A.B. asks: 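Pasting a structure below so you can have a look.
The structure displayed is predicted, hence computed values, not measured ones.
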Amino acid sequence: HIDKEIELNFFIEEVKIFNPEIIVFQSNSFKYKKKLLKILIKMGKSIFIGPHPAYRGKREPDYFVKKIIKVTNDPSNN
């Protein structure tokens, strides 16, 4: 990524334009992107983070779904 700040701002603008109620990130690494998550929470979005569909853990759908977390303002849930 040449400029992460430009990329972040572009994504925020997309969210403003498309105005989704729910945003799902398909990578557990998004739980570490605190700045982005804070901005989206302030925008009133419901945010979920889970493993990518190519996740190499258990291949049981129930196990996969249990790995999806909802991001809130509560730091204990992030």
A.B. asks: Tell me whether Met43 shares a hydrophobic cluster with Phe18, the cluster being built from Ile, Leu, Val, Met, Phe, Trp, Tyr side chains joined at under 4.5 Å.
C.D. replies: no

A.B. asks: Any heavy-atom pair between the side chains of Lys45 and Asn19 that's under 4.5 Å?
C.D. replies: yes

A.B. asks: Is there a path of hydrophobic side-chain contacts, each under 4.5 Å between heavy atoms of I/L/V/M/F/W/Y residues, joining Ile68 to Val24?
C.D. replies: yes

A.B. asks: Who passes salt bridge (charged side-chain N to carboxylate O under 4.0 Å, His left out) against Glu5, sequence neighbours left out?
C.D. replies: Lys35

A.B. asks: Could you check whether Lys16 pairs with Glu13 (Lys NZ or Arg NE/NH1/NH2 to Asp/Glu carboxylate O, under 4.0 Å)?
C.D. replies: yes

A.B. asks: Distance-only, no hydrogens or angles: does the Lys70 side chain make a donor-acceptor pair with backbone N or O of Ser46 under 3.5 Å?
C.D. replies: no

A.B. asks: Which value, rounded to the nearest 0.5 Å, describes the distance between Ile23 atom CD1 and Glu14 atom CD?
C.D. replies: 10.5 Å

A.B. asks: Hey, quick one: are Leu8 and Ile41 part of the same hydrophobic cluster, counting side-chain heavy atoms closer than 4.5 Å, chains of contacts allowed?
C.D. replies: yes

A.B. asks: Write down the atom of Phe25, the atom of Leu36, and the distance for their closest heavy-atom approach.
C.D. replies: CZ-CD2, 4.0 Å

A.B. asks: Drop me the distance from Glu7's CD to Asn9's CG, to the nearest 0.5 angstrom.
C.D. replies: 10.5 Å

A.B. asks: Could you tell me whether the side chain of Leu40 reaches within less than 4.5 Å of the side chain of Ile12, counting heavy atoms only?
C.D. replies: yes

A.B. asks: Once rounded to the nearest 0.5 Å, what's the spacing between atom NZ of Lys42 and atom CG of Leu37?
C.D. replies: 13.0 Å

A.B. asks: Report the distance from atom NZ of Lys33 to atom CD1 of Ile47, rounding to the nearest 0.5 Å.
C.D. replies: 13.5 Å

A.B. asks: Would Ile39 and Phe11 count as a side chain to side chain contact (heavy atoms under 4.5 Å, CB included) if you check the C-alpha gap in whole Å, the side-chain angles of each, and the deciding distance to 0.1 Å?
C.D. replies: CA-CA 11 Å; Ile39 292 168; Phe11 178 72; over 6 Å; no

